[in-house]
Structure formats: C-alpha cells, structure tokens
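Beneath this line is the structure, given in structure tokens, with notes to follow.
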Amino acid sequence: MLTIGSPTTSLFTSTSCNTLLRELQQIWTDIGESEAEKDRMLLELERECLEVYRRKVEDAANSKARLHQSVAAKEAELATLMAALGELSVHSPIQTDKRTRSLKEKLASVTPVVEDLRMKKEERIKQFAEIKAQIEKISSEISEYNNLNNTLVTNLTLDEQDLSLRKLSEYQTHLRSLQKEKSDRLQKVFEYVNEVHSLCGVLGLDFGKTVSGVHPSLHGTQQEQSTNISNSTLEGLEQAIRMLKLERKARMQKLKDVAASLFELWNLMDSPTEEKNKFSRITSVLGFAESEIIEPGVLSAEIIQQASTEVERLTKLKASRMKELVMKRRSDLEDVCKMTHIEPDTSTNPEKSTALIDSGLVDPSELLANIEAQIVRAKEEALSRKEIMDRIDRWLSACEEENWLEDYNQDTNRYNAGRGAHLNLKRAERARVTISKISAMVDNLILKTLAWEDEKKMLFLYDGVRLVSILEDYKLTRQQREEEKRRYRDQKKLQDLLQTEKEAMYGSKPSPRKTNSFRKPNGYRANGNGSMTPTPRRNSFGGATPELLTPRSYSGRQNGYFKEMRRLSTAPLNFVAISKEETMSFASVCGSEPGSPPQG
C-alpha cells in the first residue's frame with residue numbers, strides 16, 4: 001500500500017495501518033475467511049482509501065483556485081483604485097515578493113491596502129459630491145436654467161473612474177470662478193438696487209413694489225431666500241433704472257416748466273416772500289443737474305402737483321388782476337424808455353390799453369405779452385444804444401460845465417480871496433479844457449450815431465427826434481453864436497475906442513449907473529466845501545441870438561437839469577467876462593452919442 005505525507009506523518013500512518021492490517025488479518029483468520037476473500041476485501045479497502053485521497057486533493061485544488069481568484073480580484077481592485085485615485089506612489093505588495101509568498105500571505109498583505117484605498121475613494125467621492133453640489137447651486141442661481149450653464153453642469157457629471165487630485169483641482173477651480181462671478185453679480189445687483197432705491201426716493205415711488213416687480217427676492221423678508229443674481233434679474237434692474245431715469249428727466253422738465261411759470265407769476269403778482277418760501281424746496285433744486293438731485297421726494301408727483309396747483313391759483317388771480325398788471329408793465333416799459341430816451345410804442349399806451357380791456361376786444365394776456373415783448377425790445381435797444389448814450393451824457397456834462405463857466409465869468413468878485421475861491425479857479429480851468437473838447441465830442445458822436453444807424457438800418461431817435469439832426473442843429477447854432485461873439489468883441493473894441501475919445505474930449509467921470517444898485521444877484525450857492533458855485537440864470541437880456549439846441553431841448557419830458565440847459569437857447573451873447581453894469585453903462589453911452597453904432 002502507498003503512503004504519502006511528511007516522513008513523520010507517513011511513519012505514523014504506516015505503523016498504524018500495519019497494526020490495523022495485522023489486526024484485520026487476525027480477525028479474518030479467526031473467522032476463517034479464505035485467501036481469495038481476504039484479497040478481495042483488501043483490494044476494496046485500497047480503493048476506498050484512494051477515493052478519500054482523491055476527494056481531499058480535489059478540495060485542496062478548489063481551495064487553491066479560490067485563493068488565486070481572491071488574490072487576482074484584490075489585485076484588480078487595487079489597480080482600479082490606484083488608477084481612479086491617481087495613487088501612483090502605492091506599490092503592490094504582491095509584486096514585491098511574488099515567488100516566495102503563499103497565496104494566503106499574498107491575500108493577507110493586499111487586503112489592508114485595498115481597504116485603505118476604498119476609504120480614500122469614499123472620501124474623495126464625498127469631496128467631489130460637495131463641490132459638484134455647490135457648482136450646481138451657483139450655476140442655477142446664475143443661469144436660472146440657462147442652456148449654456150446647464151451644459152457646463154452636465155459636463156461636471158461625477159466620473160468614479162477619475163477621482164484624481166487633478167480632477168478635484170479642476171472642480172475646485174471651476175467652483176472658485178463661479179463664486180467670483182456670483183460675488184461680482186451680487187455686487188452689481190446691490191449697486192443697481194441702491195440706485196433704484198435712490199431714484200425711488202427722489203421720485204417718491206414705492207421701492208419695494210418697484211424691485212419686487214423685477215424679482216421677489218430683491219425685497220424679500222425671508223432670510224433663507226437668496227438674492228437672485230441671474231441675467232434676467234440684472235437686465236430687469238437695468239431696465240428699471242432706465243425707466244426711473246426717464247421718469248426723473250420728465251419730472252425735472254415738468255418741474256422746470258412749472259417753476260418758470262411760478263417765477264413769472266410771482267414777478268407779475270408781486271408775491272410776498274413768505275408765499276415764495278413755501279416752494280423753496282422746489283426752487284432750490286432747479287440749479288442742479290438731474291444726477292445731483294438726491295433729496296428724497298423732491299421730484300414726487302405730490303410736490304409737482306402742489307406747484308401746478310399754485311400756478312393754477314395764481315393764473316386765476318392773474319386773470320382778475322390783469323388790467324392792473326397791464327398798467328404796471330406799461331409803466332415799466334415807459335420807465336425803461338424814459339431812462340434811454342426811447343419813444344414807447346403808442347399802440348399799448350394806457351388809454352388805448354384800458355379801452356381795449358374794457359371793451360373785451362383783446363385778451364388781456366395777449367396785451368400783456370405784447371407789452372412784455374416791447375419791454376424786451378426796449379431793453380435790447382437800450383443795450384445797443386449804451387455807448388452813444390454814454391457819449392451824450394459826457395457831452396451834456398460838458399455843456400453844463402460851459403454854463404457854469406459862463407456864470408462864473410460874470411462874477412466880478414471871482415478873483416477875491418474869498419472862501420473856496422481857489423476851488424472855483426481849479427474848476428474853471430478844468431471846465432475850459434472840457435469846453436475845448438465839445439466840438440470834437442459832437443463830431444465823434446455824429447460819426448458813432450451814423451455808424452449805429454447804418455448797422456441797425458434805423459434812425460437813432462432821442463425822445464422822438466433824430467439825434468443827428470439835433471447835433472447838426474447844435475453845431476450850426478454854436479457856429480452862429482461864435483460869430484455873434486466875434487462881432488460882439490469887435491463892437492466892444494469900438495466901444496472902448498469911443499469911450500477913450502469921449503474921455504479925451506470931456507474928461508473922465510464916473511458913470512452914474514455904475515453902482516451896486518444896478519447889479520442883480522449872481523445866484524451863487526454854497527457847495528459842500530464852502531466855495532460858491534453859480535447857479536444857472538433863467539432870464540436873458542435879448543432874444544435875437546439863435547438858441548443852442550441840445551437833445552433835451554427836443555424832449556417833451558424835460559427834467560430839472562435840462563430846464564437849466566435850455567437857458568443856452570435864450571442866454572445873451574456875452575461870452576467874455578464883462579459885468580451887467582458895464583453892459584448897461586455902454587448902452588447909455590452909445591445912446592447919448594450921435595455917432596454911436598447901433599447895438600447888435
């Protein structure tokens with residue numbers, strides 16, 4: 001019989017088998033079995049032993065195959081986990097000692113490594129899932145089911161075959177970019193919402209209702225409701241801002257129109273300051289640009305309605321006081337024309353205006369507008385006439401100095417060392433210089449006036465008379481007076497000659513008329529510094545001399561000063577410094593002599 005196993009085991013088994021065989025043979029002998037029967041039973045016993053060995057070998061082979069399968073499965077799982085996690089640094093323990101180690105040892109060594117990688121995979125999957133959830137959440141907030149972003153989210157479907165750190169880093173990078181975009185969008189949404197809040201405040205609109213119309217989350221009271229940052233929300237806010245700015249612009253223009261009407265009515269109605277102060281909030285913003293207006297409610301519909309109501313009230317009041325306003329503005333027109341010596345339009349004079357209003361033939365508002373237009377034209381013409389009017393004033397001032405110097409030259413005591421005499425002497429010197437420039441002044445004024453008429457294609461009228469005509473008449477009259485003065489000087493020389501001859505023939509004797517009783521007061525008045533300034537004389541000694549014409553000579557509304565200037569037209573031709581008594585004495589002498597020349 002064959003035996004297998006280790007030497008010790010085989011020896012033990014062989015001894016035991018031999019003992020049992022001898023014992024079995026002894027039993028068969030005792031029984032009396034035949035040799036053939038004994039051989040048959042031994043052969044059967046050997047077959048049974050072989051069957052047992054065969055089963056044991058098969059069981060051992062199956063166990064070995066299962067161990068091989070387990071080890072291969074573990075190795076395959078290990079390789080898969082390493083590939084999925086990108087763990088290139090992990091070395092398989094099976095490959096390190098593949099020849100010398102048994103299958104159970106191999107299985108025992110690889111199992112902990114696989115278990116560790118499994119745990120890593122679970123942790124990695126959890127990380128991917130968390131990042132993917134955040135990406136999907138932010139993407140949905142940004143896109144609001146936008147096709148493009150949905151495609152991006154779909155592309156982020158978790159692939160368990162690639163759980164490497166590189167892939168995880170890609171997810172994290174994408175998440176950070178979405179978080180930044182979300183932050184930027186939130187910032188933009190907050191800026192838009194703040195601008196909407198400011199505009200609604202200025203316009204007096206309901207902020208909550210305005211932003212809720214864009215998206216409820218922009219004015220939600222629930223803390224868990226996140227602010228919507230989608231493209232549609234941003235576009236809705238931009239559209240709302242555009243609409244609010246257009247509304248602000250329209251209301252600002254309306255407010256300006258209403259304010260302009262208010263100012264006009266206030267000026268026409270002479271409204272008190274207290275009444276105007278009620279609308280100071282409105283008028284205070286008119287000078288600001290639209291973007292600079294931030295005061296809440298200043299452009300609200302209520303404020304504009306209040307101003308419009310006030311305009312309506314003043315308009316009704318204006319209609320009841322229109323006649324008074326027409327007369328007032330006509331008076332203003334006449335004042336403007338009077339200041340600039342322009343003849344006011346006679347079509348709206350007080351008598352005609354009153355008659356037209358009382359008859360109802362003309363709307364008072366149209367009449368008032370016509371007068372307002374006349375005032376504007378008068379002011380424009382006054383502005384264009386300013387340079388010439390200034391020259392006229394200088395000319396008239398020179399004429400006044402000429403009158404003063406004439407009166408001063410009539411004063412026989414002008415050289416006395418009286419109080420203020422030196423001041424009058426200085427003024428006389430200045431007056432002579434000024435008078436010497438009168439002819440040039442008039443010539444330049446004529447040239448300026450003609451240039452103005454050529455530019456404006458109209459005549460320059462001074463109180464209804466053409467200024468050039470006045471100046472030409474003035475020049476002619478002045479030339480005539482100069483001729484009279486020269487003749488008078490010649491006559492004076494003849495006087496002196498006759499007087500000398502008379503004194504040589506009859507002897508010199510005082511004139512009985514040369515006394516103070518024949519002298520009229522020179523009309524001096526004290527000025528502020530104590531000097532005596534002669535006042536213009538109103539009476540004249542002879543009317544045969546041509547009058548000196550100045551612009552105010554033609555005016556139907558002469559003021560006090562020009563009444564004094566008119567004295568030039570009737571003053572005597574005594575431009576040399578002689579006294580009235582000497583003139584009277586000369587007249588008596590000439591009248592007593594047969595050969596005396598007639599008085600001019």
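All values derive from a computational prediction rather than experimental measurement.
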Inset, instruction - Step through the shown structure and confirm whether more than 12 heavy atoms of other residues, nucleotides or ligands are within 6.0 Å of CG on L476. - result: yes

Inset, instruction - For atom NZ of K328, decide whether the heavy atoms of other residues, nucleotides or ligands shown that lie under 6.0 angstrom number more than 12. - result: yes

Legend entry - Rounded distance [0.5 Å steps], CZ in R330 versus OG1 in T354: 10.5 Å

Inset, instruction - Identify the residue among E402, E483, E472 that makes a salt bridge (charged side-chain N to carboxylate O under 4.0 Å, His left out) with R478. - result: E402

Inset, instruction - Could you tell me whether E482 and K485 make a salt bridge, using a distance below 4.0 angstrom between a side-chain N and a carboxylate O? - result: yes

Inset, instruction - Taking only Lys NZ, Arg NE, NH1 and NH2, and the carboxylate oxygens of Asp or Glu, determine whether R377 and E380 approach each other closer than 4.0 Å. - result: no

Inset, instruction - Please determine if R427 and E401 form a salt bridge, counting it only when a charged side-chain N lies under 4.0 Å from a carboxylate O. - result: yes

Inset, instruction - Looking only at non-hydrogen atoms, find the nearest pair between R251 and L299 and report the distance. - result: NH1-O, 2.9 Å

Legend entry - Test item: S469 side-chain N/O and V465 main-chain N/O as donor-acceptor pair under 3.5 Å: no

Legend entry - salt_bridge(R385, E381) N-O dist < 4.0 Å: yes

Legend entry - Test item: T315 side-chain N/O and V311 main-chain N/O as donor-acceptor pair under 3.5 Å: yes

Inset, instruction - Salt-bridge test for E310 and R313: reply yes if a basic N is under 4.0 Å from a carboxylate O, no otherwise. - result: yes

Legend entry - Test: R329 and D332 ion pair at under 4.0 Å: yes

Inset, instruction - State, without any angle test, whether Q253 and D257 hold a side-chain donor-acceptor pair at a distance under 3.5 Å. - result: yes

Inset, instruction - Could you pull out all residues at least two apart from F263 that satisfy ring pair (Phe, Tyr, Trp, His ring centres under 6.0 Å)? - result: W266

Legend entry - Pair listing, salt bridge (Lys or Arg N to Asp or Glu O under 4.0 Å) test, anchored in residues 258-268, at least two apart: none

Legend entry - Pair D390 + K386, salt bridge at N-O below 4.0 Å: yes

Legend entry - Main-chain N/O of W404 paired to D407 side chain as donor or acceptor, under 3.5 Å: no

Legend entry - NZ/NE/NH1/NH2 to OD/OE distance under 4.0 Å, D184 and K188: no

Legend entry - Summary of ring pair (Phe, Tyr, Trp, His ring centres under 6.0 Å) pairs that have at least one residue in residues 434-455, sequence neighbours excluded: W452-F460

Legend entry - R466 and E453 ion-paired at < 4.0 Å: yes

